[in-house]
Amino acid sequence: NLSQDLHNTLGNSLTQSMSLISQSKKSLDNQQILSMLKIFRDDLRQVIDSGSSIGANAPATPILWGAPIRHRFSQIFDEIGIHSEWTFAAEWLEQPTQLECLTLQRVAEEALSNIMKHSQATRVLVQLYFSPSRQLILEIEDNGIGFDCEILNNNISVGLKNMQLRTEKIQASMNIQSQSGKTVISVIKSYKKLGSSNTHDINSK
């Protein structure tokens, strides 16, 4: 399991980064190299987390999934003047795996870190909920300056590219919509079983 996780997680990131470097038309600067190293670190952390939780279940509810992220970032946001709102579904309509939960956590951490560093936002909304077709959706919205979504096609956006790679590893999709005053990053995980049950989101204030 450890060998497979290292190959699938860290190995894929190393291969992707090597490809980005070889295809780059100009030398990467220190910040870009640092971003790559942080991704390798996070991948290694994910492998360690996965290995230490073999046989463990995913958090019992979406609220318990989101509690550590909310605790970590809400305090920082308060200190730098960003108002944050956190909304999570009351229960899982489809049970995610531990790897899926870890992947959503890492994507959320990367997105929220980027908001702190680059967005100049004053408001952040984080949601984890189910659509009517029982798709699990992670959505992070801010009211910052926005950015050109075409940046995903450039070597500069190593972090965003690897967020996308992470979601693909769990057969999910990532969508980004951005303009001045509103940026929304959403990760959508579909499940085979569809149903008509409704879900009620609660705000974990």
Side-chain angles (χ1 to χ4, degrees), residues 9-10 12-14 16-21 24-49 65-88 101-128 137-169 172-188 204:
T9 305
L10 186 58
N12 285 343
S13 291
L14 283 167
Q16 177 69 14
S17 295
M18 290 167 63
S19 176
L20 290 174
I21 292 171
S24 177
K25 296 180 180 179
K26 60 181 181 179
S27 299
L28 301 180
D29 60 31
N30 290 343
Q31 186 58 47
Q32 290 170 306
I33 294 173
L34 180 60
S35 295
M36 289 184 180
L37 293 175
K38 287 181 177 179
I39 290 162
F40 301 153
R41 176 203 63 192
D42 289 344
D43 280 341
L44 183 58
R45 182 186 297 164
Q46 178 169 310
V47 171
I48 293 171
D49 288 345
W65 169 87
I69 304 173
R70 178 179 180 270
H71 176 74
R72 174 183 172 187
F73 282 95
S74 61
Q75 293 181 330
I76 302 174
F77 285 149
D78 287 344
E79 290 176 2
I80 62 178
I82 297 179
H83 173 71
S84 59
E85 298 178 16
W86 308 77
T87 303
F88 307 116
C101 288
L102 283 172
T103 298
L104 291 175
Q105 179 183 342
R106 296 294 181 238
V107 170
E109 289 172 346
E110 179 70 25
L112 293 171
S113 295
N114 286 339
I115 288 172
M116 285 192 301
K117 291 187 289 187
H118 306 300
S119 73
Q120 301 177 32
T122 59
R123 178 181 175 274
V124 174
L125 173 62
V126 181
Q127 300 183 85
L128 187 72
I137 300 175
L138 169 67
E139 193 169 272
I140 300 173
E141 178 182 334
D142 71 78
N143 67 344
I145 59 176
F147 59 89
D148 184 356
C149 290
E150 290 300 317
I151 198 173
L152 285 175
N153 297 320
N154 299 329
N155 290 341
I156 251 178
S157 121
V158 177
L160 289 175
K161 280 182 177 290
N162 279 274
M163 287 167 64
Q164 196 165 44
L165 285 174
R166 291 182 195 280
T167 61
E168 291 173 357
K169 290 174 186 177
S173 61
M174 185 177 78
N175 299 319
I176 299 178
Q177 297 178 338
S178 184
Q179 62 185 23
S180 180
K182 184 175 182 180
T183 295
V184 180
I185 297 177
S186 57
V187 176
I188 303 170
S204 58

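Residues: numbered from 1 along the sequence shown.
- Partners of Ser173 under the side-chain hydrogen bond (donor to acceptor under 3.5 Å, both in side chains) rule, at least two apart in sequence or in another chain, do not exist in this structure.
- Here the CD1 atom belonging to Ile137 is positioned 11.5 Å from the CG atom belonging to Leu104, to the nearest 0.5 angstrom.
- Ile145 pairs by the side-chain contact (heavy atoms from CB on, under 4.5 Å) definition with Gln120, not counting sequence neighbours.
- Other residues, nucleotides and ligands contribute over 12 non-hydrogen atoms within 6.0 Å of the CD atom of Glu168.
- Between Val107 and the options Leu102, Thr167, Ile140, a side chain to side chain contact (heavy atoms under 4.5 Å, CB included) holds for only Thr167.
- Here the straight-line distance linking atom CD of Glu141 with atom CD of Gln127 works out to 7.5 Å at 0.5 Å rounding.
- Ile76 pairs by the side-chain contact (heavy atoms from CB on, under 4.5 Å) definition with Met116, not counting sequence neighbours.
- Expressed to the nearest 0.5 Å, how far CD of Gln164 lies from CG of Asn175 amounts to 9.0 Å.
- For Glu109, the salt bridge (Lys or Arg N to Asp or Glu O under 4.0 Å) test picks out Arg72, Arg106, with sequence neighbours left out.
- Listed by chain and residue number, Glu85 satisfy the side-chain hydrogen bond (donor to acceptor under 3.5 Å, both in side chains) test with His83 (two or more places apart in sequence, or in another chain).
- Of all non-hydrogen atoms in Asp142 and Ser119, the two that sit nearest each other are OD1-CB, 3.9 Å.
- Residues that satisfy the side-chain contact (heavy atoms from CB on, under 4.5 Å) test with Ile69, not counting sequence neighbours, are Trp65, Phe73, Trp86, Gln105, Ala108, Leu112.
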Side-chain atoms of residues 178-187: list all donor-acceptor pairs with protein atoms under 3.5 Å, sequence neighbours left out, distances to 0.1 Å.
unit_1	atom_1	unit_2	atom_2	d
Ser178	OG	Phe147	N	2.9
Ser178	OG	Phe147	O	3.3
Ser178	OG	Thr183	OG1	2.7

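- Atom SG of Cys101 is separated from atom CG of Leu138 by 11.0 Å, given to the nearest 0.5 angstrom.
- Arg123 and Asn143 make their closest contact through N-OD1, 2.9 Å (heavy atoms, listed as atom of the first residue, atom of the second, distance).
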